[in-house]
Asker: 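Handing you this structure, nothing more for now.
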Amino acid sequence: MAANRTFSIIKPDATRRNLTGAVTKMLEEAGLRVVAAKRIRMSREQAEQFYGVHRERPFFNDLVSFMTSGPVVVQVLEGEDAVQRNREVMGATNPANAAEGTIRKALAESIEANSVHGSDSDENAATEIAFFFRNEEIVG
Ligand code: CMP
């Protein structure tokens, strides 16, 4: 399969513990290349819109509060089969279920403070990348 792109967020629990480099190293070792990155503080409006698909879930308000509680690093990752590759290296949403060698197994604190977000499909990757980046900010 040709090289393609996915979207990643290094979440506030990871930036707070100074793990931006540790997470990025695991992404790179999994064969992904960071082709865009910026450290931002998400606004409540941004987080609510980004996670809009979860609006009716019981954890929605806590999720938005957590994602706006500190800086995040948003990234565009490039590589062969990037969406699936990233999902594999992230591990299961709940770190208690994450496999050995994954980012969430190694670093995550809880199902909420789970260190990373990654797109779940090529279609969502394109939408999520466009939410945070302009084309000229992505340099492959
Ligand atoms: P993420 O991939 O960023 O997408 C939605 C997030 O909701 C998810 O990772 C989890 O961190 C968070 N979340 C918090 N509580 C739950 C829960 N009970 N079930 C699923 N996701 C949860």
Asker: Are Ile9 and Leu19 connected into the same hydrophobic cluster when the rule is that any two of I, L, V, M, F, W, Y join if their side-chain heavy atoms are below 4.5 Å apart?
Answerer: no
Asker: Please evaluate residues Val72 and Arg39 with respect to the criterion side-chain contact (heavy atoms from CB on, under 4.5 Å), reporting the C-alpha separation (whole Å), side-chain torsions for both, the decisive distance (0.1 Å), and the verdict.
Answerer: CA-CA 6 Å; Val72 300; Arg39 181 176 168 105; over 6 Å; no
Asker: Is there a chain of hydrophobic side chains (I, L, V, M, F, W, Y, each step under 4.5 Å between heavy atoms) that links Val23 to Phe66?
Answerer: no
Asker: Any chance you could measure His117, atom NE2, to Phe50, atom CZ, to the nearest 0.5 Å?
Answerer: 3.5 Å
Asker: Output yes when a side-chain donor or acceptor of Glu137 lies under 3.5 Å from a complementary backbone atom of Arg134, and no otherwise.
Answerer: yes
Asker: Quick one: list whatever passes salt bridge (Lys or Arg N to Asp or Glu O under 4.0 Å) with Glu28, sequence neighbours left out.
Answerer: none
Asker: Kindly give the heavy-atom pair with the smallest separation between Val35 and Gly140, and that separation in Å.
Answerer: CG1-CA, 3.7 Å
Asker: Please determine whether side-chain contact (heavy atoms from CB on, under 4.5 Å) holds for the pair Ile111 and Phe59, giving the CA-CA distance in whole Å, both sets of side-chain angles, and the decisive distance to 0.1 Å.
Answerer: CA-CA 10 Å; Ile111 193 168; Phe59 58 82; over 6 Å; no
Asker: Would you give the length of the straight line joining atom OG of Ser43 to atom CE of Met67, rounded to the nearest 0.5 angstrom?
Answerer: 11.5 Å
Asker: Can you check whether Met26's main-chain N or O pairs, donor with acceptor, with Glu29's side chain at less than 3.5 Å?
Answerer: no
Asker: Within the supplied structure, the quantity of interest is the number of heavy atoms (other residues, nucleotides, ligands) at a distance under 6.0 Å from Glu123 CD; does it exceed 12?
Answerer: no
Asker: Would you say Leu27 ends up clustered with Val76 if hydrophobic residues are merged whenever their side chains have heavy atoms under 4.5 Å apart, either directly or through other cluster members?
Answerer: no
Asker: Can you tell me if Gln49 and Glu45 form a side-chain donor-acceptor pair at under 3.5 Å?
Answerer: no
Asker: Would you check if there is a donor-acceptor pair between the side chains of Arg87 and Thr6 at a distance under 3.5 Å?
Answerer: no
Asker: Check whether any side-chain heavy atom of Phe7 lies under 4.5 Å from a side-chain heavy atom of Leu77, and answer yes or no.
Answerer: no
Asker: For residues Leu63 and Phe132: do they belong to one hydrophobic cluster (side chain heavy atoms under 4.5 Å, members Ile, Leu, Val, Met, Phe, Trp, Tyr)?
Answerer: yes
Asker: Any non-hydrogen side-chain atom of Val83 less than 4.5 Å from a side-chain atom of Asp120?
Answerer: no
Asker: Under the salt bridge (Lys or Arg N to Asp or Glu O under 4.0 Å) rule, what pairs show up with a residue in residues 50-78, not counting sequence neighbours?
Answerer: Arg5-Glu78
Asker: Please say yes or no: joined through hydrophobic side-chain contacts below 4.5 Å, possibly via intermediate residues, are Ile40 and Val73 part of one cluster?
Answerer: no
Asker: Between Ile10 and Thr15, what is the shortest heavy-atom contact and its length?
Answerer: O-CG2, 4.0 Å
Asker: Between atom CD of Gln75 and atom CZ of Arg33, what is the distance when rounded to the nearest 0.5 Å?
Answerer: 13.5 Å
Asker: Regarding Ser119 and Asn124, is there a side-chain donor-to-acceptor distance under 3.5 Å anywhere?
Answerer: no
Asker: Does NZ in Lys25 sit with more than 12 non-hydrogen atoms of other residues, nucleotides or ligands closer than 6.0 Å?
Answerer: no
Asker: For a quick test of your reading: what N or O donor-acceptor pairs under 3.5 Å do the side chains of residues 92-110 make, sequence neighbours left out?
Answerer:
{"residue": "Asn94", "atom": "OD1", "partner": "Ala96", "partner atom": "N", "Å": "3.0"}
{"residue": "Thr102", "atom": "OG1", "partner": "Ala99", "partner atom": "O", "Å": "2.7"}
{"residue": "Thr102", "atom": "OG1", "partner": "Lys105", "partner atom": "N", "Å": "3.2"}
{"residue": "Arg104", "atom": "NE", "partner": "Asn114", "partner atom": "O", "Å": "3.4"}
{"residue": "Arg104", "atom": "NH1", "partner": "Gly91", "partner atom": "O", "Å": "2.9"}
{"residue": "Arg104", "atom": "NH2", "partner": "Val116", "partner atom": "O", "Å": "2.7"}
{"residue": "Glu109", "atom": "OE1", "partner": "Arg16", "partner atom": "NH2", "Å": "3.0"}
{"residue": "Glu109", "atom": "OE2", "partner": "Arg17", "partner atom": "NE", "Å": "3.4"}
{"residue": "Ser110", "atom": "OG", "partner": "Glu112", "partner atom": "N", "Å": "3.4"}
{"residue": "Ser110", "atom": "OG", "partner": "Ala113", "partner atom": "N", "Å": "2.9"}

